[in-house]
Amino acid sequence: MSVTAIVFVIVFVSTAMVVLFITRVRAKAALRTRLLDMPGKLPELGVGGNPVSLENLDSIARYATHEAAHAPDAWRLDATTWNDLDMDKVFGRVNVCLSSVGEEYLYNCLHDLQQRPNALLEREKLVQFFSAETEERLAVHMALHRLGKENYNGLARLMFAFDGKFLKFQWLYKVLAWMPLLTAALIFVHVPLGVMGLLAAFLINAVVHNRVKDRLEDDIPALEYMNALFACCKRLAARKIDLPVFEKLRTAFTFFKPMMNRLPQSRNRGSVYLDFDFIYEYVRIIFLYDVRNYNRLSQEIKEHNWQLHELFKGVGEIEVALCVQSLRMNLPVACVPEFGNDAQITFEELVHPLIKQPITNTGQIGGDSLLTGSNASGKSTFVKSLALGGVLAQTLHTCAAARFTLRFSWVMTSMVMRDDLSGGDSYFIVEIKSLKRMLERVALYPCTCFIDEILRGTNTVERIAASASVLRWLDGGGQRNCLTVAATHDIELTHLLANTYSNYHFRETVTPAGVTFNYKLQDGPSTTRNAIKLLEVMDFDPQIVTQAQDMAQGYDTTQKWK
């Protein structure tokens with residue numbers, strides 16, 4: 001090779017390395033700027049203007065599904081309450097996680113109603129720390145960014161249901177691992193034969209690696225992401241942060257530190273940091289490194305499963321705290337809840353966190369209560385706002401209000417019922433099943449129950465009679481360990497339950513131009529109706545409106561039409 005060619009190669013390689021270095025520096029600076037501005041930002045939006053995370057809920061929900069199966073006695077939101085309160089959308093509204101671990105843990109956290117104040121106080125300490133320490137928060141965010149997101153990463157299965165397939169013929173894999181070295185040495189004896197042998201060894205080992213990886217199905221990708229988790233924990237453990245979550249993380253990580261170099265590597269962990277990692281990955285494939293270590297790794301994962309779970313929860317708690325910090329900054333109003341012992345809710349400037357321009361409400365629900373009011377007056381939204389306040393207080397230690405006081409209790413709802421076509425249940429059957437599961441829970445635990453339009457799926461006479469009986473049972477003469485808030489159109493219930501339920505209402509203003517609402521909670525039962533007026537406002541045929549008005553005027557308290 002001529003001197004000119006050598007100089008050209010040196011200049012080319014040097015230039016490539018300089019360009020690569022500059023690219024890395026610029027990318028890292030851009031990432032730092034983005035992460036510095038991250039608190040208070042709304043989640044990234046995707047298709048249809050929905051948060052990106054809502055597109056991957058099946059993957060994100062894996063950890064929560066396993067956790068629910070292994071903790072049947074925990075206070076968790078059931079599926080009915082989750083759907084009634086649009087909790088998937090609430091999750092999307094809160095989720096600014098940078099890792100799949102954080103997303104999965106946050107999703108589970110929103111299901112898990114805390115019964116221990118200390119758990120929420122530890123979470124609060126993290127939130128306050130990140131709010132005060134910008135540089136530490138940035139360093140943590142950088143570590144979480146490198147961990148990144150991997151759908152269906154398999155970590156939940158490793159922690160809860162890892163079977164660990166045992167690979168036979170370990171001796172054969174060891175022999176094959178030596179073949180590239182032996183054939184490479186043969187080059188010094190016979191170059192053509194050595195080169196052909198080396199290529200054959202590379203090809204054979206690559207095929208064996210892929211065949212074994214296919215047999216292990218999701219195990220190898222799960223181990224790859226677990227290794228990324230360990231790398232993240234190593235960076236987090238190095239931070240001199242004196243908080244319980246970081247102490248637990250450091251303790252658990254000591255069991256896995258020796259394991260890191262033996263775990264499969266992934267090239268998908270933060271594109272900012274990729275240089276020549278792919279070379280290292282190919283070396284591991286050619287020498288069957290991951291295949292030869294699989295049996296030993298499986299055994300170690302089983303032995304230290306509890307510590308693995310501690311690492312997962314530690315990283316999850318950190319991400320949840322960062323989500324809470326951001327949420328409090330982007331809500332129109334936010335507070336740390338106060339917990340008492342009485343079955344009552346006090347709230348100031350309460351809003352619904354999913355409404356962009358919400359109307360605030362201030363007041364107190366001092367006992368079992370009925371909410372009445374006209375159509376579209378705001379009853380359902382207010383009840384959901386109260387219920388979400390109870391859920392977010394006991395999960396994220398945050399409420400969309402200026403002040404929110406409650407007690408620890410199992411939050412349950414019965415609101416958005418639908419026919420169950422697959423199960424063959426009518427609307428009314430679905431509704432009474434929803435109420436039945438609520439009654440069973442109330443008999444065993446302190447509960448806060450929110451009901452919207454109780455038993456709307458049946459005739460008026462039986463609806464009112466059955467509704468009054470169910471609501472009296474929930475009250476239990478003041479002996480049930482339950483606070484019940486029910487929204488209803490049935491004014492009759494305010495009379496039948498006058499001695500046991502307090503009354504509140506929402507009202508409207510009727511003018512020649514139409515019907516307007518202020519969406520403000522008022523004391524006492526509703527005394528107005530607007531359903532027929534709304535028909536008129538929506539330009540229904542005048543004959544329909546007139547006949548409806550005449551019939552309504554002829555309806556008396558004996559439930560008979562005149």
Side-chain angles (χ1 to χ4, degrees), residues 28 31-32 35-36 38-39 63 96-106 108-109 118-119 121-150 153-156 158-159 222-266 268-270 272-274 277 280 293 297 300-325:
K28 193 171 182 179
L31 175 63
R32 178 184 172 87
L35 294 179
L36 272 173
M38 189 171 178
Y63 176 74
V96 289
C97 293
L98 295 174
S99 73
S100 291
V101 173
E103 286 189 323
E104 292 179 35
Y105 191 82
L106 173 64
N108 178 72
C109 177
N118 289 342
L121 290 176
E122 282 193 18
R123 191 166 291 162
E124 184 62 31
K125 288 178 181 178
L126 264 178
V127 176
Q128 297 301 327
F129 175 82
F130 289 131
S131 299
E133 300 291 340
T134 301
E135 285 301 318
E136 289 293 351
R137 193 268 304 165
L138 178 61
V140 168
H141 258 147
M142 295 285 277
L144 294 170
H145 178 269
R146 292 191 68 172
L147 172 56
K149 296 179 181 180
E150 190 74 38
N153 55 73
L155 276 185
L158 287 184
M159 292 183 290
L223 293 175
E224 289 175 352
Y225 195 69
M226 186 173 74
N227 198 29
L229 172 63
F230 291 167
C232 176
C233 291
K234 182 179 180 179
R235 297 182 185 97
L236 295 176
R239 308 307 304 177
K240 299 185 186 310
I241 300 176
D242 186 20
L243 288 171
V245 171
F246 282 85
E247 291 297 332
K248 293 177 183 177
L249 188 145
R250 291 186 191 100
T251 301
F253 179 62
T254 57
F255 292 93
F256 299 104
K257 192 173 182 179
M259 190 190 300
M260 291 182 63
N261 290 332
R262 290 184 282 108
L263 280 164
Q265 305 290 313
S266 173
N268 300 321
R269 303 276 70 83
V272 169
Y273 302 92
L274 290 182
D277 291 349
Y280 180 52
N293 279 289
L297 289 172
E300 289 176 341
I301 291 171
K302 291 178 181 179
E303 291 176 356
H304 300 297
N305 189 269
W306 179 81
Q307 288 86 357
L308 176 60
H309 206 156
E310 283 294 298
L311 287 185
F312 186 96
K313 291 191 293 185
V315 173
E317 279 291 340
I318 290 168
E319 285 251 58
V320 166
L322 291 166
C323 287
V324 170
Q325 180 203 6

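- No more than 12 heavy atoms of other residues, nucleotides or ligands lie within 6.0 Å of CG in Asp242, so this atom counts as exposed by the packing criterion.
- Tyr63 pairs by the ring pair (Phe, Tyr, Trp, His ring centres under 6.0 Å) definition with Phe160, His309, Phe312, not counting sequence neighbours.
- Between Arg137 and Gln325, the closest side-chain pair of non-hydrogen atoms falls below 4.5 Å.
- A heavy-atom distance below 4.5 Å is not found between the side chains of Glu319 and Val101.
- When all heavy atoms of Ala143 and Leu236 are compared, the closest pair comes out as CB-CD2, 4.0 Å.
- Separating the CE atom in Met226 from the CE atom in Met260 is a distance of 10.5 Å, to the nearest 0.5 Å.
- The residues Glu310 and Lys313 are annotated as salt-bridged, a charged nitrogen and a carboxylate oxygen being separated by less than 4.0 angstrom.
- In this structure, CG in Leu138 is found 11.0 Å from CZ in Phe130, a value given to the nearest 0.5 Å.
- Taking both residues in full, the closest heavy atoms of Ser99 and Leu144 are given as CB-O, 4.1 Å, listed atom of the first, atom of the second, then distance.
- Shortest non-hydrogen contact noted between Lys149 and Leu98 is CG-O, 3.6 Å.
- Using a 4.5 Å heavy-atom threshold, the side chains of Val315 and Tyr105 count as separate.
- Annotation for Ile241 and Arg250: closest pair O-NH2, 3.0 Å, computed over non-hydrogen atoms.
- Put simply, the side chain of Phe253 reaches to within 4.5 Å of the side chain of Lys257, judged on heavy atoms.
- Relative orientation of the Phe256 and His304 rings is perpendicular, given thresholds of 30° and 60° on the angle between their planes.
- Using a 3.5 Å distance cut-off with no hydrogens or angles, the side chains of Glu104 and Asn153 do pair a donor with an acceptor.
- Note that NZ of Lys234 and CG of Leu249 are 13.5 Å apart. Values are rounded to the nearest 0.5 Å.
- To the nearest 0.5 Å, atoms CE (Met259) and CG (Leu308) are separated by 8.5 Å.
- Rounding to the nearest 0.5 angstrom, the gap separating the CD atom in Glu317 from the CG atom in Leu106 is 10.5 Å.
- Considering all non-hydrogen atoms of both residues, Gly148 and Tyr225 come closest at O-OH, 2.6 Å.
- Shown here are the side-chain hydrogen bond (donor to acceptor under 3.5 Å, both in side chains) partners of Glu133, two or more places apart in sequence or in another chain: there are none.
- Taken to the nearest 0.5 Å, the CZ atom of Phe230 stands 6.0 Å off from the CG atom of Leu311.
- Distance alone, capped at 3.5 Å, is enough to place a donor-acceptor pair between the Asn305 side chain and the Met159 backbone.
- Proximity of a side-chain donor or acceptor of Arg146 to a complementary backbone N or O of Met142 within less than 3.5 Å is not detected.
- Across Met38 and Val96, no two heavy atoms sit closer than the pair CE-O, 2.8 Å.
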